[in-house]
Each structure stands twice: as structure tokens, then as C-alpha cells.
Amino acid sequence: MHILIGENRLELTIGDITKEKTEAIVNAANGSLMGGGGVDGAIHQAAGPELLQACRTIRKQQLKGEPLGTGEAVITAGYHLPASYVIHTVGPIWDDHHPNQDKQLASCYLHALKLAQEHHLSSIAFPSISTGVYRFPIKLAAEIAIRTVTNYLQTATFGQVKIVLFSEADFRVYQSALKHITDSL
Ligand code: AR6
């Protein structure tokens with residue numbers, strides 16, 4: 001399913017993000033940028049060892065050895081992926097609920113979109129950040145993701161944004177969030 005927002009298109013699909021042909025795909029990484037499980041593991045596996053090397057260089061040079069902060073984003077090439085770029089971001093770990101986690105999750109989407117636009121990219125695919133290992137409740141995560149992306153697309157000329165869900169159940173949650181938010185636009 002998709003909606004048009006000005007000249008931009010927001011699309012929800014079910015699939016494996018490592019197969020996406022958008023110019024950039026987003027990785028739900030951890031601060032170490034050294035890989036992990038879930039979508040992070042799948043992206044590193046499909047991109048090849050060059051991706052880990054690029055992440056090491058970013059940790060050393062751009063981040064001066066520090067971990068990537070929650071809600072921040074960095075960009076690398078996509079190496080063996082169909083996507084030319086990977087934008088790595090770190091979602092919040094769900095821990096009861098303090099409002100800062102909502103802001104951090106919104107920041108992931110916002111910083112990834114801004115970074116893509118700074119690199120003159122016009123298509124990007126996101127996974128459902130933080131809703132796997134990091135346990136963020138998917139209903140709330142979907143509302144935050146879709147609201148952040150639609151707000152951004154209302155003020156920018158970007159192109160295509162996809163959110164790639166890994167299961168039919170996750171897709172349905174995002175679909176109802178999209179419907180809820182577009183009804184109020
Ligand atoms: N394509 C699309 N979505 C996927 C794929 C895929 N190939 N594989 C999994 N998902 P998670 P997080 C979905 O756990 O919660 C890692 O170890 C998955 O079903 O990947 O942000 C990192 O290194 C879920 O809906 O990311 C971090 O340590 C969504 O992607 C930590 O997990 C996110 O689940 C990050 O946790």
C-alpha cells in the first residue's frame with residue numbers, strides 16, 4: 001500500500017530489506033556498529049565483510065572511537081547489496097516507558113532522512129526500528145515512524161520512502177497506523 005504526500009511517495013511492503021533496490025536502506029544497528037542479530041545481521045551478511053570494515057573506519061575516524069548515539073545516524077556504501085548505501089541508526093531499547101524513548105525513535109527516522117537528502121538520495125527503505133531485540137511495542141513504534149516520516153515529507157521534496165515489514169502481522173500494524181495518521185492529515 002502507498003500514499004502520496006506532495007511529490008513524495010510513502011509505501012509499506014512486506015519483505016526482506018536486504019533485497020531492496022532503493023538507493024539507501026536503513027540498518028537498525030547498535031552503538032558499536034559491529035553487527036549483531038536481526039536486520040543488522042542480515043544486512044552485514046548480504047553486504048559482505050567490507051561493510052564491517054567501513055563501520056570500523058567510521059567508529060575510529062568520524063566517531064573518534066565512541067559508539068554511535070541512540071537516535072543518531074551514519075552512512076556507508078552498500079557493497080554487495082542492491083542498495084548503494086546503508087544508513088546505520090541506533091534505536092532506543094524499550095525500558096518501561098519514558099517519553100525520551102519516543103523522541104529517540106523519531107530521531108532515528110529523521111536523521112536517516114536528513115542524511116539521505118544531504119547525499120542527494122531520493123529513495124530509502126526503513127525496517128521497523130527497535131521492535132525486535134530492542135522490544136519497543138510495535139503499535140507505538142509504527143505511530144512514531146509514520147508520523148515522523150509523513151511530517152518530514154510534508155515539508156520536503158524527497159522522493160520515495162518505503163517501510164519494509166518482516167511479517168504480515170507487523171505490516172497490518174503499520175497499515176492501521178498509516179490509515180489513522182492520514183485520516184487526520
Ligand atoms: N528485513 C526486514 N526486516 C527485518 C529483517 C530483514 N531481513 N530481519 C529482521 N527484521 P531487530 P532492533 C525486522 O531486532 O529491535 C541487533 O542485534 C524484525 O522482524 O533487527 O532495533 C542489533 O545489532 C523487526 O521487526 O532490531 C541491535 O543490537 C525489525 O526488523 C539490536 O538488534 C527490527 O528488529 C537492534 O534491535
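Atoms within a ligand are numbered from 1 in the order they appear, just like the ligands themselves. For reference, positions follow the sequence shown, starting with 1. Side chains included, hydrogens not; waters and symmetry mates left out as well; all remaining heavy atoms used. Everything numeric here is computed off the predicted structure, so don't read it as measured data.
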Checklist entry - Any idea which protein heavy atom is nearest atom 20 (O) of ligand 1, and the distance to it? => result Val39 N, 2.8 Å
Checklist entry - Quick one: does Tyr134 get an N or O within less than 3.5 Å of an N or O on ligand 1? => result yes
Checklist outcome for this item: protein heavy-atom neighbour closest to atom 15 (O) of ligand 1 works out as Gly132 N, 2.8 Å
Item to check | Polar contact flag for Ile17 and ligand 1 (N/O pairs, less than 3.5 Å) | outcome: yes
Item to check | Atoms of ligand 1 close to Ala28 [distance to a heavy atom under 4.0 angstrom, numbered from 1] | outcome: 21 (O), 22 (C), 26 (O), 35 (C)
Item to check | Test applied, side chain to side chain contact (heavy atoms under 4.5 Å, CB included); reference residue, Ile87; option that passes from Leu113, Val74, Thr76, Ile75 | outcome: Ile75
Checklist entry - Same hydrophobic cluster for Val161 and Leu81, using side-chain heavy-atom links shorter than 4.5 Å among ILVMFWY? => result no
Checklist outcome for this item: So the atoms of ligand 1 within less than 4.0 Å of a heavy atom of Phe166 turn out to be 1 (N), 2 (C), 3 (N), 4 (C), 5 (C), 6 (C), 7 (N), 8 (N), 9 (C), 10 (N), 13 (C), 19 (O)
Item to check | Proximal atoms of ligand 1 relative to Thr131 (non-hydrogen, under 4.0 Å) | outcome: 15 (O), 24 (C), 25 (O)
Checklist entry - Which atoms of ligand 1 are found less than 4.0 Å from any heavy atom of Asp16? => result 1 (N), 6 (C), 7 (N)
Checklist entry - According to the interplanar angle, ranging from 0 to 90°, do the rings of Tyr109 and Phe126 count as parallel (below 30°), tilted (30 to 60°) or perpendicular (above 60°)? => result tilted
Item to check | Residue pair Tyr152 / Gln117, side-chain donor-acceptor N/O under 3.5 Å | outcome: yes
Checklist outcome for this item: Rounding to 0.5 Å, atoms CD1 (Ile5) and CZ (Arg9) come to a distance of 11.5 Å
Next on the checklist: I'd like to check which ligand 1 atoms, numbered from 1 as shown, lie under 4.0 Å from a non-hydrogen atom of Gly15.
Outcome noted: 1 (N), 2 (C)
Item to check | Under 4.0 Å to a heavy atom of Asp170 - the qualifying atoms of ligand 1, by number | outcome: 25 (O)
Checklist entry - What is the closest protein heavy atom to atom 28 (O) of ligand 1, and at what distance does it sit? => result Asn30 ND2, 3.3 Å
Next on the checklist: For the NZ atom of Lys60 and the CD atom of Glu66, what is their distance to the nearest 0.5 Å?
Outcome noted: 15.0 Å
Item to check | Contact (N/O only, under 3.5 Å) between Ser130 and ligand 1 | outcome: yes
Next on the checklist: So if I count the atoms of ligand 1 from 1 in the order they appear, which ones are less than 4.0 Å from some heavy atom of Asp40?
Outcome noted: 22 (C), 23 (O)
Item to check | Proximal candidate to atom 33 (C) of ligand 1 [heavy atom criterion; set Gly37, Ala125, Pro127, Ser128] | outcome: Ser128
Checklist entry - What protein heavy atom is closest to atom 14 (O) of ligand 1, reported as residue, atom name and distance in Å? => result Val133 N, 2.8 Å
Next on the checklist: Measuring from atom OG of Ser32 to atom CG of Leu63, what distance do you get when rounded to the nearest 0.5 angstrom?
Outcome noted: 11.0 Å
Checklist entry - Any idea which atoms of ligand 1 are less than 4.0 Å away from a heavy-atom of Gly36? => result 17 (O), 23 (O)
Checklist entry - Would one find an N or O of Gly38, backbone or side chain, under 3.5 Å from an N or O of ligand 1? => result no
Checklist entry - Distance only, no hydrogens: is a donor on one side chain within 3.5 Å (strictly under) of an acceptor on the other, for Glu23 and His119? => result no
Checklist entry - Under the side chain to side chain contact (heavy atoms under 4.5 Å, CB included) criterion, do Gln160 and Ser122 qualify, and how do the steps go? => result CA-CA 6 Å; Gln160 183 194 22; Ser122 59; over 6 Å; no
Next on the checklist: Closer than 3.5 angstrom, by distance alone: can the side chain of Gln175 be matched with the main-chain N or O of Met1 as a donor-acceptor pair?
Outcome noted: no
Checklist entry - Is the number of heavy atoms from other residues, nucleotides or ligands within 6.0 Å of CD (Glu50) greater than 12? => result yes
Checklist entry - For ligand 1, is there an atom lying under 4.0 Å from some heavy atom of Gly91? => result no
